[in-house]
Amino acid sequence: MKIIPPILLPLLCLGLFILSSCHTSQKATNSEKEYSFEDMNWSPEKVAWAIAHRQIAYHTLSARLQIDFKSDEKEFNNVTTYLRMKKDSAIWLSVRPFLGIEMLRVFITPDSIKIRNNIKGRTIVRGSEDFADILHVPFAFSAVQSLIMGNPKLTLEKNKNIEIDSTTIRARFPGKLVQRSFEWTKKGFLLKKSHYKETNGDKYAEQDFEDYKKFKVGQVSLKRNIVVEDKKKIKVHLSFDKVKFNVPVTFPFS
């Protein structure tokens with residue numbers, strides 16, 4: 001029984017592909033060296049350093065999202081969703097597509113998920129062992145958290161699977177279950193694209209990162225274009241505004 005509307009599924013589907021990279025070490029290569037993100041003479045060693053150091057250091061996040069969603073069957077535009085997040089603790093979503101009226105409220109922690117569907121007047125509470133059954137995709141809290149922040153945790157073997165041209169740095173991460181690849185800008189080392197594909201299948205998820213803004217916690221992308229290919233293709237555009245880091249947040253769920 002699906003209780004998650006399709007507009008949220010791409011966010012959660014991407015968790016499937018990010019899952020394999022969320023628990024890798026962030027240990028830096030030659031971390032005693034202090035390179036510059038503006039360095040135009042990139043080497044594999046410096047790319048490994050930048051991956052380890054380009055993490056967004058935050059405790060809480062509060063933001064408003066505008067979501068455009070399109071699949072073969074449905075299309076939604078300018079759906080307002082409010083987001084609150086506490087690192088490694090909680091993710092809270094309030095979906096309000098019409099006149100500020102809340103359609104759905106979601107509260108996710110590492111060990112539980114609570115969903116209140118105001119349209120159908122029902123609430124469901126489940127433990128982490130039921131995430132996949134509820135969401136119809138493999139799911140982990142850390143995966144969605146990493147997705148929202150555009151904060152992939154990766155390690156890179158020196159001199160392997162790196163391509164550098166005049167504007168872009170590319171790195172590939174082969175895997176038994178998922179193949180991952182990323183692109184960063186050569187100037188500033190900003191994440192441009194992430195691509196996750198099943199090693200022995202056709203499913204893939206791709207996210208483009210645009211419109212970076214500098215916050216005290218680091219550079220954050222405020223616009224995302226997401227494509228998920230499973231049994232059907234889903235396209236989503238996300239725009240973030242009213243973004244605040246490290247402010248007190250609450251997670252009301254009555």
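- Salt bridge present: Arg116 and Glu102 bring a charged side-chain N and a carboxylate O closer than 4.0 Å.
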side-chain contact (heavy atoms from CB on, under 4.5 Å) assessment of Ile226 paired with Val228: CA-CA 7 Å; Ile226 301 171; Val228 177; 4.0 Å; yes
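- For the residue pair Val79 and Phe76, the shortest heavy atom distance occurs at CG2-CB, 3.8 Å.
- For Thr199 against Gly175, the heavy-atom pair with the smallest separation is OG1-O, 2.7 Å.
- Under 4.0 Å is where a charged nitrogen must lie from a carboxylate oxygen, and between Glu210 and Arg224 no such pair does.
- In this structure, Phe173 has its ring center closer than 6.0 angstrom to the ring center of Phe182.
- The shortest distance between side-chain heavy atoms of Val220 and Tyr212 does not fall below 4.5 Å.
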Residues Thr168, Lys192; criterion side-chain hydrogen bond (donor to acceptor under 3.5 Å, both in side chains); working and verdict: CA-CA 9 Å; Thr168 305; Lys192 293 172 56 177; 3.1 Å; yes
side-chain contact (heavy atoms from CB on, under 4.5 Å) between Asn78 and Asp68, worked out: CA-CA 6 Å; Asn78 295 320; Asp68 297 332; 3.7 Å; yes
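- With a 6.0 Å radius and a threshold of 12 heavy atoms from other residues, nucleotides or ligands, Asp72 has its CG atom above the threshold.
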Audit row: Asn117, Thr123, side-chain contact (heavy atoms from CB on, under 4.5 Å) steps and yes/no: CA-CA 6 Å; Asn117 189 325; Thr123 300; over 6 Å; no
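- Side-chain contact between Arg54 and Gln219 is present, with at least one heavy-atom pair separated by less than 4.5 Å.
- Residues Val243 and Leu61 are in side-chain contact: their nearest non-hydrogen atoms beyond the backbone lie under 4.5 Å apart.
- The closest donor-acceptor contact from the side chain of Thr250 to the backbone of Pro252 lies at 3.5 Å or more, if one exists at all.
- Side-chain atoms of Asn246 and His59 form no donor-acceptor pair, as typed in the model, at a separation below 3.5 Å.
- Here the closest heavy-atom approach between residue Trp184 and residue Ala171 is recorded as CZ3-CB, 3.7 Å.
- Residues Arg180 and Arg172 fail the side-chain proximity criterion, which asks for heavy atoms closer than 4.5 Å.
- The pair Lys186-Asp165 does not count as a salt bridge, with every side-chain nitrogen at least 4.0 angstrom from each carboxylate oxygen.
- Residues Ile119 and Leu93 fall within the same hydrophobic cluster, defined by Ile, Leu, Val, Met, Phe, Trp and Tyr side chains chained together at heavy-atom separations under 4.5 Å.
- Residues Ser62 and Met85 have side chains not in contact (no heavy-atom distance under 4.5 Å, counting atoms from C-beta outward).
- Listed here is the closest heavy atom pair of Asp241 and Arg64: OD2-NH2, 2.6 Å.
- For Phe253, there are no ring-ring contact (aromatic ring centres under 6.0 Å, His included) partners, not counting sequence neighbours.
- Each ring-ring contact (aromatic ring centres under 6.0 Å, His included) pair with one or both residues in residues 83-124, not counting sequence neighbours, appears once here: Phe107-Phe251.
- Between Glu206 and Lys193 there is a salt bridge, since at least one side-chain N of the basic residue sits less than 4.0 Å from a carboxylate O of the acidic one.
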Pair Trp49-Phe37, ring pair (Phe, Tyr, Trp, His ring centres under 6.0 Å): steps then yes or no: CA-CA 10 Å; Trp49 176 89; Phe37 288 116; 5.2 Å; yes
Lys213/Asp211 under side-chain contact (heavy atoms from CB on, under 4.5 Å): CA gap, chis, key distance, verdict: CA-CA 7 Å; Lys213 182 178 179 180; Asp211 191 21; 5.8 Å; no
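- Between Phe209 and Ser194 the shortest side-chain heavy-atom distance falls below 4.5 Å.
- You'll find the side chain of Leu104 stays beyond 4.5 Å of the side chain of Asn118, heavy atoms only.
- The two residues Lys223 and Ser239 make their nearest non-hydrogen contact at CG-OG, 4.1 Å.
- The side-chain heavy atoms of Phe69 and Lys74, taken from C-beta on, include a pair separated by under 4.5 Å.
- Environment of NZ in Lys86: sparse, with no more than 12 heavy atoms of neighbouring residues, nucleotides or ligands closer than 6.0 Å.
- Using a distance-only test at 3.5 Å, with no hydrogens or angles considered, no donor-acceptor pair links the side chain of Thr81 to the main chain of Val95.
- In terms of hydrophobic clustering, with Ile, Leu, Val, Met, Phe, Trp and Tyr side chains grouped at heavy-atom distances under 4.5 Å, Tyr35 and Trp42 are assigned to a common cluster.
- Counting all heavy atoms, side chain and backbone alike, Asp202 lies closest to Lys197 at CA-NZ, 4.4 Å.
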